[in-house]
There are 2 protein chains.
Amino acid sequence: MKRATIKDVAEAAGVGVATVSRVLSGGSASASTRERVLAVAAQLDYRPSALGRNLRQRRTGGMGLLVPDLTDTFYGQLAEGVLACARAAGEPVVLGSTGDDPEQEAELIGMLLEQSVDRLIAVPCGGAHAWRPALRAGMTVVFADRVPAADGEDDDLPASLTELMLLDGAGPARSPARPLEVPSVLADDRAGVRTAVRYLTGLGHRRIAYLGGPGHGRRVDAFRAALGGRTDDELVVHADGSRDSAYAAASGLLQSRPDLTALVAGGNMLGEAAVLAARELDLRLPGDLSLVMYDDVPWAELCHPPLTVIAQPGRDLGYRAAELVLRSDVRRPKSVVLPTELIVRGSCGPRR
Amino acid sequence: MKRATIKDVAEAAGVGVATVSRVLSGGSASASTRERVLAVAAQLDYRPSALGRNLRQRRTGGMGLLVPDLTDTFYGQLAEGVLACARAAGEPVVLGSTGDDPEQEAELIGMLLEQSVDRLIAVPCGGAHAWRPALRAGMTVVFADRVPAADGEDDDLPASLTELMLLDGAGPARSPARPLEVPSVLADDRAGVRTAVRYLTGLGHRRIAYLGGPGHGRRVDAFRAALGGRTDDELVVHADGSRDSAYAAASGLLQSRPDLTALVAGGNMLGEAAVLAARELDLRLPGDLSLVMYDDVPWAELCHPPLTVIAQPGRDLGYRAAELVLRSDVRRPKSVVLPTELIVRGSCGPRR
DNA sequence: ATGAAAGCGCTAACAC
DNA sequence: GTGTTAGCGCTTTCAT
C-alpha cells in the first residue's frame, strides 16, 4: 500500500536510479530507455516525492503567502490571483493569515523559514525590521498591496528596507550606484486617491475626510497631496485591521466632525463601516455625505445607494506578484504598479 | 550565511547529534547537557529543518486545505478558521482553490500527495470517486461544508464514499458491524432550510423557489422536504460556482416564473445574483419578492433592504475541521454538525 | 544518559 | 548514455 520510490521504478525497469531521475526531469536518455522507464513508472503509479527532492536541493518548491485577513474580499481576490499563477506552475502555496498583527506575522515568517520555503509573497504589516530574518535567510520576497513601513524606533538602526537589504547583502549586486529595490506589486495609490479627491472637489466638497487602515501610508500621503496643503488633520483618521475598529473610527469621525461632507474610505472594510456608521447617525448617502470607497467588491453594487469606488485589480496584483517571485532575478528585482479605476455609482453627490 | 544544522549544534556543544535531537524534542537528557545544548542552539540561531524531519518521518506536517473560491466570503471565513487552528498548533497549511472544478480538484489532490501532505480539509466538488486516490494513499481527510456526492455513473462501481473507504481499507477497523463514517464538519442544512421555509410559508408564501449552487444536495432535499410534496420542480434551479452562472440562473428563474413570491438562495453568491436580477427586473424586495439567503456575510446588512439570512458559522466550521484532522483517530472518525440561525432583517414580507 | 550509524527518497558528481 | 555513490538534515534503533 505504500508509495513506490524511485528505487522501485529503477529495479522494475532494470536501470539505475539516476537514469530514472534523468528521464523524469527531462535529462538525456536513449529513446528506448526513456520509454521503458516511463511505462514502468506509470504502471507503478510512481509519483516522485517532493520530500526527497526538497531535502536534496535544500529548498521547498512553491511559495508562501501572507495576507492580513481572508475575510476581506480584496485579499481573497489577491489570494486567488496568487493561487492561479501557482497552479499554472504546478507549485504549492503555503498560506498564513496575519490578522494585521506584526507578532503573528513574525511567527509565520519563522514557520516558513523552518519549512525552507524560500519564496514569499506578503502583504506586510510589520515594519521593515520584521523582514530582516527573512531577508537574511535569503528568502525571495515580493510585497503585494503594501510595502513595509520604515520603522525608526532606534535611530542608529537602518530604517528602510532598502538599507536593510544592503546591509544583509541580499543579492550580490551590492553596488551603491544602483541600490537594491524592494520587489513589490502595488496599485497606483497616488493616481487612485487623486482621482477620487478631484472628483469630490469637483462636486463642490471642501471638507473631505480620509478613513484609513493599516499599512497604507501612501494613500494618506496622496490624500494630503491631492488636497494641496488645505488638509485638516482632524479629518484624517485611522483604524487597525478589524471590523470593530473600523466602525469605531468611522462613527467617531462622523460624530466629531458633522461638518464634513465627503469621505474617502481606504479599504472595503472601512467603507462598510462608514456606510453602517452613517446609517446609524441618520446621514443619507449621498445627500448628507458623499462616499468613495477603495475596492470594487461585488457588494458595492448591492449597497444602497450603490457605492462609488476606486477599483484595484486585486486578482492581478496577486497573479503578478506570484509571477515575480517565481521568475525572480535576484540581481534585478522589478516592481510593478497597476492602475486603479474610479467607478462612479451613486454614493457621491454635490455638496449640500 | 547558511543556516546552522543539527550537526553544527552538536559539535559546538560537544555532544552527538542524537542528543541534540532528543533535547529539542523533549527526550531524556541530563539537566546540564540539556542546558548546554539549548544555549548553543539559541546562540547559533538554530532552527530544525522541517525538510530533514519530514523526509525521515515520510510525511509532511501540517495540512492541506481545498476550497472552491476564496472570493466567496463564506469560504474566506472557513479558511480563517482553519488557519487559526493551524497557527495554534504551529502547523503549516497548504492551500488550493478548486474553482468548483473536479478536474482542478483532482490535480490539487495529486499535488498534495506529491508533497506528502497526509492531512486534508476539503470542501469537495468532485464525486466520491475523485477521493479514491487520496484515501488509498492513506490521507486523513475531513470534509467541510459539503460531502462528496455519490456518483453512480458506472453501476458496478461503488458509489458512496463509505463504500470506497471500506474497499480501500482506510483504517484497519474494517468491521462491517460499524461501517466507517466519513469525517466531516457540516452546518445543519436540514434545520436551516426548514426554518427558512417555515418562516416564508408563515408569511403566506406558497410559490417558493430554491436557487442552489454546486455540492449541496442536502439543502435541496431539505427544501423539498420542508415543502412537503407540494414542490414545483420548475422552482428549483441550479448554478455552478461562478458569479455569471448564478446571475443567469437567478434571472432565468425570475423571468420564467413571475408568479413566484419567495426565493431561498443556497449561498451568498446566489443571493447576490438574486438581488441583482430582481433589481434588473424591477422587482422590489420584499414587496414583489421575499428573499432568504444562505450566509450571514457582512454586506447582508448593507444591502437594500437588509437581507434576511440563514447564518452558518463559517469560521467555526473551519476551526473544527482543522481540530478533527489534527487529532484524528482513524479508527473512530467523528463527524460534527453545527447549528445555523435564521437572522430576520428586511428582505421578507407577507405575500402580496 | 549518550554516541555511532543507518537510512528516509531524491539529485548531482563522477566514472565508465 | 548509464550506473555508482555520496550526501541533503533529521530521527531512531542499538550499543555502550
Side-chain angles (χ1 to χ4, degrees), chain A residues 1-38 40-41 44-62 92 111-118 137-138, chain B residues 1-38 40-41 44-62 92 111-118 137-138:
Chain A
M1 198 55 79
K2 63 186 277 285
R3 257 168 66 180
T5 75
I6 198 175
K7 211 174 148 199
D8 299 329
V9 178
E11 277 171 15
V15 299
V17 289
T19 304
V20 178
S21 178
R22 278 188 211 105
V23 168
L24 264 51
S25 43
S28 63
S30 76
S32 71
T33 312
R34 145 166 285 112
E35 206 177 334
R36 191 150 31 95
V37 169
L38 253 23
V40 171
L44 255 46
D45 192 31
Y46 169 68
R47 317 197 46 120
S49 156
L51 256 35
R53 182 181 341 144
N54 291 344
L55 177 56
R56 177 62 224 238
Q57 306 182 155
R58 301 131 126 235
R59 43 167 297 244
T60 306
M111 186 267 279
L112 292 172
L113 250 23
E114 193 161 321
Q115 303 290 325
S116 302
V117 172
D118 60 353
Chain B
M1 197 55 77
K2 64 186 276 286
R3 256 169 65 179
T5 75
I6 198 175
K7 212 175 147 196
D8 300 329
V9 177
E11 278 171 15
V15 299
V17 289
T19 304
V20 177
S21 176
R22 277 188 212 104
V23 169
L24 264 50
S25 42
S28 62
S30 76
S32 71
T33 313
R34 145 165 287 111
E35 205 177 335
R36 190 150 32 94
V37 169
L38 253 24
V40 171
L44 255 45
D45 192 31
Y46 169 67
R47 317 196 47 119
S49 156
L51 256 35
R53 183 182 339 146
N54 291 344
L55 177 55
R56 175 64 221 237
Q57 307 182 156
R58 298 127 128 238
R59 41 167 298 241
T60 308
M111 187 266 278
L112 292 172
L113 250 25
E114 193 161 321
Q115 303 290 327
S116 302
V117 172
D118 61 353

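As the structure is a computational prediction, the values presented were derived from the model and not from experiment. Chain identifiers are assigned alphabetically (A, B, ...) following the order of the sequence lines, protein sequences preceding nucleic acid strands; residue numbering begins at 1 within each chain.
A:N54 places its CG atom 13 Å from the P atom of D:dG9, with the value rounded to the nearest Å. Atom CZ in B:R58 sits about 6 Å away from atom C1' in C:dC8, given to the nearest Å. Here D:dC10 presents its C1' atom at 12 Å from CZ of B:R3, a figure rounded to the nearest Å. In this structure, the CD atom of A:Q57 is 11 Å from the P atom of C:dA13, given to the nearest Å. Atoms CZ (B:R53) and C1' (D:dT12) sit 14 Å apart, rounded to a whole Å. The distance between atom CG of A:L51 and atom C1' of C:dT11, rounded to the nearest whole Å, is 15 Å. Rounded to a whole Å, the CD atom of B:E114 is 12 Å from the C1' atom of C:dC10. Spacing between atom CZ of A:R36 and atom C1' of D:dT2 amounts to 11 Å, rounded to whole angstrom units.
Checked against C:dG3, D:dT2, D:dG9, the side chain of B:K2 finds its nearest nucleotide in D:dG9.
Of the side-chain N and O atoms in A:S28, one or more sit less than 4.0 angstrom from OP1 or OP2 of D:dG1. At least one side-chain nitrogen or oxygen of B:T33 sits closer than 4.0 Å to the OP1 or OP2 atom of C:dT2. For the OP1/OP2 pair of C:dC10 and a distance below 4.0 Å, the side-chain nitrogens and oxygens of A:S49 include no atom meeting the criterion. Proximity of A:S30 to the phosphate of D:dT2: a side-chain N or O atom is located under 4.0 Å from OP1 or OP2.
The two atoms that bring A:V20 and A:V15 nearest to each other are CG2-CG2, 3.8 Å, heavy atoms only. A:Q115 approaches B:N54 most closely through the heavy-atom pair OE1-ND2, 4.3 Å.
Defining each end axis of the helix from C:dA1-D:dT16 to C:dC16-D:dG1 as the rotation carrying four pairs' C1' atoms onto the next four, with five pairs an end, the two axes are found to diverge by 40° to 10 degrees.
Contacts between residues 5-13 of chain B and DNA chain D, defined by a heavy-atom separation below 4.0 Å, involve B:T5, B:I6, listed by number.
Nucleic acid contact class of B:S25 (heavy atoms, under 4.0 Å, all strands): none. At the heavy-atom level, B:G16 lies under 4.0 Å from the strands shown only through sugar-phosphate atoms.
Between B:V17 and A:A18, the residue whose closest nucleotide on DNA chain C is further toward the 5' end is B:V17. Map B:R22 and B:L55 each onto its nearest nucleotide of DNA chain D; the residue landing nearer the 5' end is B:L55.
For the salt bridge (Lys or Arg N to Asp or Glu O under 4.0 Å) condition, the pairs that include at least one residue of residues 49-62 of chain A, sequence neighbours left out, are A:R53-B:E114, A:R59-A:D118.
Between the side chain of B:R3 and the main chain of B:Y46, no donor-acceptor pair closer than 3.5 Å is present.
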